[in-house]
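Notes to accompany the following structure.
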Amino acid sequence: MIKYLIQKEFLQIRRNAFLPRLIVAFPIIIMCVMPWVMQMEVKNIVVDVVDIDHTVESQRLVQQIAASNYFIFGGQKATYAEAIKDIEKGRVDVILEIRDGKYLIAANAVNGTKGSMGSAYLSQIVTSRQQIVNSQLSILNLYNKGQNYKLFMIPALFAIVMMLMTGFLPTLNIVGEKEASTIEQINVTPVSKWSFILAKLIPYWLIALFVITVCLLLAWLVYGITPAGPVWLIYVLAMLLALFFSSFGLIVSNYSDTMQQAMFVMWFFVVSIMLLSGLFTPTRSMPQWAYLTTYINPMHYFIDAIRTVFIRGGGLHETAHQVLALAGIGTLMGCWAVQSYKKNS
Amino acid sequence: MKQFIAFVIKETKHILRDKRTMLILFGMPVVMMLLFGFAITTDVKNVRTVVVTSEMSPRTQQAVERLAQSEYFVITQTVNTPREAEQLIRSQKADMALVFVQNRGMQIMVDGSDPNMAQQWTTYALQTIAAPNSQLSIINSQLLYNPQMKSAYNFVPAIMGMLLMLICAMMTSISIVREKEKGTMEVLLVSPVRPLMVIIAKAVPYLILAFGILITILLMARFVLGVPLAGSLFWILAVSTLYILLALSLGLLISNVAQTQLVALLLSAMVLLMPVVMLSGMLFPVESMPTILQWISAIVPPRYYIETMRKLMIMGVGIGEVAHEVAVLAVMTVVLLAIALKKFKQRLE
């Protein structure tokens, strides 16, 4: 019985002119384009210099700024007010004013990270000549030796692609049948709730398998990045995440009356889950109330675990906690998906 | 005109009837503003630090105490070997380790998987441990516009750009497609109202709705998050209205291209979400991208809107400083609207 139901789901996907193309093209495009976008490195900071002193010393400093790979020399300005005009136009990020041997660094801090890091780098350059390097102190960067931002973001992209593919598609599934009134026909057949929901979920897990394989292959082919830990563990994690999101999509679908409603609800959850997961920003910096939500956020467990496996080279031992949590949340959601499906409307 | 108003009322009733969607439409911006304003920060805080030492010398003691007292670091435990510390970092129980090797000084071992954070953590740690540097006093640093470095200043304009774009596009993209799918479009088209009027009548309630959301966001930004509205309120509202029109046009275009609700929703929610979040400069600075992507981001409308709002709201510049961005938005609106209307007519023939 369940075999035919799965076959029906695949037929429905295949007959749609848009869905197969989306399933194939979306992960490929995302994986090929997005790692280039997600560069959070602070670089190309444009600096205007207001040099009142005109000493040899200050001239050398200007040259040093222009030579640094963090900064782009924006130009010499006669007065501070002129430089401020440049900041207001958005052409310049930082101003360095040199007056009476003293330095004033003014940074546009609308983007706090950029502003503070820009001024920190600049003050490093200014002080570097006087500073005595402390040979007693060394810094060791673990795991990501090349400081490659792509390595950090590619596991995050796996998560985003998996979430969008296995989350949004099932969300529109049952409610779509409701709107097309074809669900009535299923409801009068002797198909049990379990096999009906399972038949809806399995195709999305297969899609997830396909998607994660494409993602891993592209990471290797395009960026030459391969997982440092075991590959099978990445598959396990991906399937657990797919279990959660596909079940969650069906739950939303079960409770909604129209596709639009389902989409809005799902969209809201997707964006919140994503932003609070530590995918882009560190969770430890969140206020306490927001940090509490990470205990029930499956994406948080997934992103922690996959980064451990992919970048830090951890195995099952290091990620046992996350795997268990993901499995628990996923199973719970699967049961809820079955429970919330009503055969009689 | 009377017919037109009747049509607008009909569309408004359609929207108001769906209580749950209405709740989400106003609930979503409120929740997202709170998340962005308070929860999403890139500050350095609570960095879990492990101390690796076999015995505490006075010098070790001093460095550890300095770290423990700062608000940025939390000393979680002390272990004996660097290997143990590395294992703790690998299993995500710590972010950083302070290693004291006998006679060889001190080493900061840091989880480098996130290069940006790793760099900030080490910079902060060095500053905290190092004795106050007298050389620094000749430098005077100043953070303009956002002295407390609140993330909300950066994110509020971004969230306005994202929410207005996606809500408007998602709402309108479905409005025409739904009539097509249900077969009620024919009924509308044989009515004595001109097709153009049908479309405009569909857009008007969403325009009002989006304006309501805009006001909600601005009020929250000002009174809950404490983000300044430094520039002229008139221009903030005027540019936002232009942007809403642009988003509505995009929604109409999707609606005319898509044949089913499924396609329209996936296009406007999933496919559109990626460029809006990734290429608009909302999370990732446009100037760090490769040139070709900078060119692609030039056709992403939220990029200009977010830039304009950051300048108008936070920096408080005059409209003259953002004339370029506003002009681009205006041209985009006209082009999108023209294509949307043209596509609509073709379908009728």
Against chain A, label [X] side chain, backbone, both or neither, depending on which of its atoms sit under 4.5 Å from a heavy atom there.
X         : answer
Leu163(B) : side chain
Met315(B) : side chain
Leu166(B) : side chain
Ile314(B) : side chain
Gln294(B) : neither
Val317(B) : side chain

### Query
Do you know which of Val286(B), Val31(B), Val74(B), Asp95(B) has the most heavy-atom pairs under 4.5 Å to chain A?
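Greatest number of close heavy-atom pairs with chain A: Val31(B).
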
### Message
Just so I understand: if I count every heavy-atom pair under 4.5 Å between each of Pro290(B), Pro157(B), Gly320(B) and chain A, which residue has the most?
### Response
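Highest number of heavy-atom pairs under 4.5 Å: Pro290(B).
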
Sort [X] into side chain, backbone, both or neither according to what part of it lies under 4.5 angstrom from a heavy atom of chain B.
X         : answer
Met34(A)  : side chain
Val46(A)  : neither
Leu275(A) : both
Ile87(A)  : both
Ser272(A) : both
Leu22(A)  : side chain
Phe269(A) : neither
Thr258(A) : side chain
Phe26(A)  : side chain

### Query
Rounded to the nearest 0.5 Å, how far does NZ of Lys85(A) lie from CD of Glu321(B)?
4.5 Å

### Message
How long is the straight-line distance from OG1 of Thr283(A) back to CG of Asn46(B), given to the nearest 0.5 Å?
### Response
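One finds 9.5 Å between CG of Asn46(B) and OG1 of Thr283(A).
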
#### Entry: Main-chain N/O of Arg312(A) paired with Arg90(B) side-chain donor or acceptor, under 3.5 Å
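Answer holds: yes.
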
### Task
Locate the shortest heavy-atom distance separating Trp36(A) from Leu293(B); write the atom from each residue and the value.
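What the structure gives for the nearest pair is CB-CD1, 3.4 Å.
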
### Task
Please report the closest heavy-atom contact between Met278(B) and Ile160(A), naming both atoms and the distance.
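Nearest pair, atom of Met278(B) first, then Ile160(A): CE-CD1, 4.0 Å.
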
### Task
Answer yes or no: is there a side-chain heavy-atom contact under 4.5 Å between Met162(B) and Val271(A)?
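Yes. Closest side-chain heavy atoms under 4.5 Å.
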
What option among [options] has the most heavy-atom pairs under 4.5 Å with chain B?
options                         : value
Trp267(A), Trp289(A), Phe310(A) : Trp267(A)
His321(A), Met259(A), Met286(A) : Met259(A)
Pro287(A), Ala262(A), Ala290(A) : Pro287(A)
His317(A), Met263(A), Arg307(A) : Met263(A)

